[in-house]
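Before any comments, here is the structure.
In what follows, every chain begins at residue 1, and chains take the letters A, B, ... in the order their sequences are listed.
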There are 2 protein chains.
Amino acid sequence: MSSRVTLKQIARELDVSVMTVSRALNNRSNVDHSTRQKVLETAQRLGYRPNHIARSLVMNKTNTIGVIVPEITHSFFPEVIRGIEQTVHQNDYQLILMHSMENQEREAQAITTLESKRVDGLLISTAETVENYENYQKLIDESYPLVFFDRCVFDIGASCVGVNDRTSAREVTEHLIEHGYKKIAHLHGPEKVSIGKNRLDGFLEAMQQHDLEVRDDWLVPSALQEKGGYQAMNQLLDLPESSRPRAIVAVNDPSAFGAMHAIYEAGLDVPDDFAIVGFSDDIRAKLMSSPLTTIRQPAYEVGKKASEKLISLIEDPEEEIEQLIVPTELVVRESCGCPAEEETHKMSRFMEFAE
Amino acid sequence: MSSRVTLKQIARELDVSVMTVSRALNNRSNVDHSTRQKVLETAQRLGYRPNHIARSLVMNKTNTIGVIVPEITHSFFPEVIRGIEQTVHQNDYQLILMHSMENQEREAQAITTLESKRVDGLLISTAETVENYENYQKLIDESYPLVFFDRCVFDIGASCVGVNDRTSAREVTEHLIEHGYKKIAHLHGPEKVSIGKNRLDGFLEAMQQHDLEVRDDWLVPSALQEKGGYQAMNQLLDLPESSRPRAIVAVNDPSAFGAMHAIYEAGLDVPDDFAIVGFSDDIRAKLMSSPLTTIRQPAYEVGKKASEKLISLIEDPEEEIEQLIVPTELVVRESCGCPAEEETHKMSRFMEFAE
DNA sequence: ATTAGGTATGTAAGCGCTTGCAGCAGGAGT
DNA sequence: ACTCCTGCTGCAAGCGCTTACATACCTAAT
């Protein structure tokens with residue numbers, strides 16, 4: 001640690017120049033075979049570890065990408081990170097992980113830090129409280145490689161990998177409609193976050209297309225965590241019984257869980273009193289006492305695609321900006337009170353690995 | 001990006017030396033007030049971001065720690081990472097995350113990479129397939145700051161933050177014994193991983209203390225994921241009915257989930273045919289159709305303590321090596337077939353946030 | 001007036017590595 | 001004999017920043 005071995009030491013040991021050692025270690029062509037052997041040997045013997053810091057300084061390249069996620073507690077983002085890790089590792093990059101805690105200020109800090117660390121590119125999923133896109137705009141103006149994932153920012157000149165939130169939200173809403181529900185409420189996310197706006201749009205589209213009334217007080221803002229859904233649902237429960245909705249489209253699964261909690265707490269039931277659907281297929285969705293109908297997002301895939309795009313962007317400045325959509329899948333379970341074919345076996349609710 | 005601004009540019013702009021700029025930006029005392037103002041202003045205007053790479057090179061300090069986790073899919077490690085992130089952020093460090101995928105080779109690679117990145121210290125939870133401790137020993141010999149977490153390596157001269165696996169395993173086993181079970185099997189983890197060995201020891205201790213027979217074929221090796229538990233349980237189910245155990249202590253929750261899967265698949269039930277207990281209180285444990293009795297490990301706390309210890313170690317070479325134990329808690333649910341007081345309400349199984 | 005001491009700035013060197021170019025062999029080509 | 005090319009090696013400079021030391025100026029003390 002204190003006495004880290006350097007090129008110089010190897011050079012002195014063998015009485016050659018630093019350059020020869022550098023070349024030998026970097027597999028350059030113009031080094032005599034026997035010299036290279038000797039260098040490799042001594043490097044090994046001395047326990048040489050190349051100093052990436054020095055290398056990065058001169059090469060102006062760190063082979064590191066920064067990842068900013070808004071939260072990391074449950075299943076979605078860890079799974080995305082797994083996907084990112086995989087690609088990044090295969091391409092000889094590393095990943096610095098930062099965590100905005102759904103907070104714009106911490107996100108801004110994270111960006112600054114990562115810039116200072118001279119990461120080669122950035123992967124961002126915007127925080128819930130993001131109010132403006134200045135920080136992103138600055139990055140793009142400096143043509144810093146940047147790819148958004150899951151929560152996108154459009155029309156700003158950055159690539160994004162996500163799902164088609166609007167279409168998927170419409171699909172899940174239509175599923176409710178097709179099964180006879182007419183009084184449908186939406187617990188919607190923040191409008192500045194793409195998933196909030198797009199899922200709301202998808203919901204509205206489905207409702208309009210089927211000529212269903214969208215009451216103002218059935219559009220309840222919900223934060224993206226359990227608590228948000230809980231509070232939003234309680235707002236609906238405060239309505240006189242006659243003007244309550246019969247079904248709920250939640251902006252995501254955690255929000256739906258929170259809503260379910262509020263429903264049970266009020267002594268009511270899912271799906272008998274309220275049908276409810278979520279979005280993202282959280283690991284817990286299928287395990288709920290009334291398993292949640294939801295939209296499955298291929299998180300691993302999102303991470304993989306996003307990091308692949310970013311690395312292309314880094315390595316080829318000609319690489320074009322684009323929006324990548326990974327397909328989702330409607331997963332019908334009991335919470336919507338529609339006949340589902342899925343998941344008959346007690347335990348298959350849980351297991352997927354079985355050979 | 002291409003034209004990043006440097007101290008030199010600010011210096012030229014103001015017609016002062018690089019040093020003055022450096023001093024102003026680093027809040028050193030000996031800079032004229034008006035000069036400092038001007039520097040700060042231009043730095044702001046030009047969008048200066050200090051180059052941590054250059055700084056690290058000369059200071060021989062990166063303010064970065066490396067974290068190696070064996071997996072990141074479910075709840076435990078993400079939660080640990082949250083704890084780490086928190087401390088690290090508060091202390092102005094950053095975190096490079098690496099993922100060994102339970103594989104010794106990838107872990108070794110990760111260590112090398114992190115050394116090359118000159119991280120100031122390492123936080124490691126050993127991979128399941130780790131067969132020897134050479135890589136760790138080398139780090140310690142170089143007195144590279146190193147703290148293990150959750151899965152520890154003892155007697156090697158490194159600090160560790162974890163739970164008392166032996167005592168906790170004994171506790172959960174005794175819980176079964178106290179409720180009348182005598183024929184108890186253990187799905188044990190790899191011996192080279194502390195949690196494997198210590199939980200096995202705890203299990204054996206409890207059994208011996210109560211003069212219960214420990215049949216060889218009731219000690220079944222299980223990997224630490226669902227699949228391992230599934231295979232191990234099937235081995236028990238292959239025994240003639242009369243020599244099957246009545247209760248199962250699984251090395252961790254995922255292993256228990258796998259075992260439950262095997263049990264259901266065999267048309268049997270939990271806890272009526274097999275009582276089962278796990279370890280770690282995975283986010284899914286309480287949601288199983290027969291909620292899992294388990295040992296709750298305070299993951300966030302483990303991450304927090306481990307990173308605090310590491311940072312102390314980095315900043316004060318006198319800081320002593322120690323083993324930190326965070327307390328666990330037995331969580332009794334239905335899977336062990338013992339009367340549980342907990343969790344009466346349908347949904348409280350799930351929610352903790354409620355105000 | 002002379003000196004010591006403080007304040008504000010600049011100069012030099014170097015962290016460990018790379019790129020660019022120069023140098024020196026020796027073998028081939030005319 | 002001469003140049004020319006190829007193969008291997010070394011030298012110099014510099015990435016952006018810091019520490020250590022030197023310099024200039026100014027004020028207070030003798």
What is the distance, to the nearest angstrom, from the [atom1] atom on [X] to the [atom2] atom on [N]?
X        : N      : atom1 : atom2 : result
A/Arg118 : D/dC15 : CZ    : P     : 14 Å
A/His33  : D/dT9  : NE2   : P     : 12 Å
B/Lys8   : D/dT18 : NZ    : C1'   : 15 Å
B/Asp15  : C/dT9  : CG    : P     : 12 Å
B/Leu14  : C/dA8  : CG    : C1'   : 15 Å
B/Ile53  : D/dG14 : CD1   : C1'   : 17 Å
B/Leu57  : C/dC15 : CG    : P     : 9 Å
A/Arg55  : C/dC15 : CZ    : C1'   : 17 Å

Residue pair A/Thr6/B/Arg36 against DNA chain C: nearer the 5' end by closest nucleotide is B/Arg36
Next on the checklist: Just checking B/Lys61: does its NZ atom have more than 12 heavy atoms from other residues, nucleotides or ligands closer to it than 6.0 angstrom?
Outcome noted: yes
Partner residues of B/Phe76 under the ring-ring contact (aromatic ring centres under 6.0 Å, His included) criterion, sequence neighbours left out:
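Applying ring-ring contact (aromatic ring centres under 6.0 Å, His included) to B/Phe76 gives none.
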Check the phosphate of [N] against [X], side-chain N and O only, distance under 4.0 Å to OP1 or OP2. Yes or no?
X       : N      : answer
B/Asn30 : C/dT9  : no
A/Tyr48 : C/dG16 : no
A/Thr20 : D/dG10 : yes
A/Thr35 : D/dT9  : yes
A/Ser56 : D/dC15 : no

What I want to check is whether the side chains of A/Thr20 and A/Ser17 have a donor and an acceptor closer together than 3.5 Å.
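The answer is yes; a qualifying pair exists.
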Residue pair B/Gln225 / B/Glu71, side-chain donor-acceptor N/O under 3.5 Å: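 Looking only at side-chain atoms, B/Glu71 and B/Gln225 do not form any donor-acceptor pair under 3.5 Å.
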Quiz prompt | Student check: side-chain heavy atoms of B/Val119 and B/Ile65 closer than 4.5 Å | solution =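 When only atoms from C-beta onward are counted, B/Ile65 and B/Val119 do not touch, as no gap falls below 4.5 Å.
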Do A/His99 and A/Phe77 have side-chain heavy atoms sitting under 4.5 Å apart?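 No, side chains not in contact.
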Double-helix bend of the helix from C/dA1-D/dT30 to C/dA28-D/dT3, axes at both ends from 5 pairs, round to 10°, gives 70°
* Asked: Does NZ or CZ of B/Lys309 fall inside the cone over B/Phe148's six-membered ring, less than 6.0 Å from its centre and within 45° of the axis?
  -> no
Item to check | Closest to the B/Asn51 side chain, choosing from D/dG16, C/dG10, C/dC17 | outcome: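 Between D/dG16, C/dG10, C/dC17, the one nearest the side chain of B/Asn51 would be D/dG16.
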Looking only at D/dC8, C/dT9, C/dG10, the nucleotide nearest the B/Asp32 side chain is C/dT9
Every protein N/O lying under 3.5 Å from an N/O of nucleotides 19-26 of chain C:
| from | atom 1 | to | atom 2 | distance (Å) |
| --- | --- | --- | --- | --- |
| C/dT19 | OP2 | A/Arg28 | NH1 | 3.4 |
| C/dT19 | OP2 | A/Arg28 | NH2 | 3.1 |

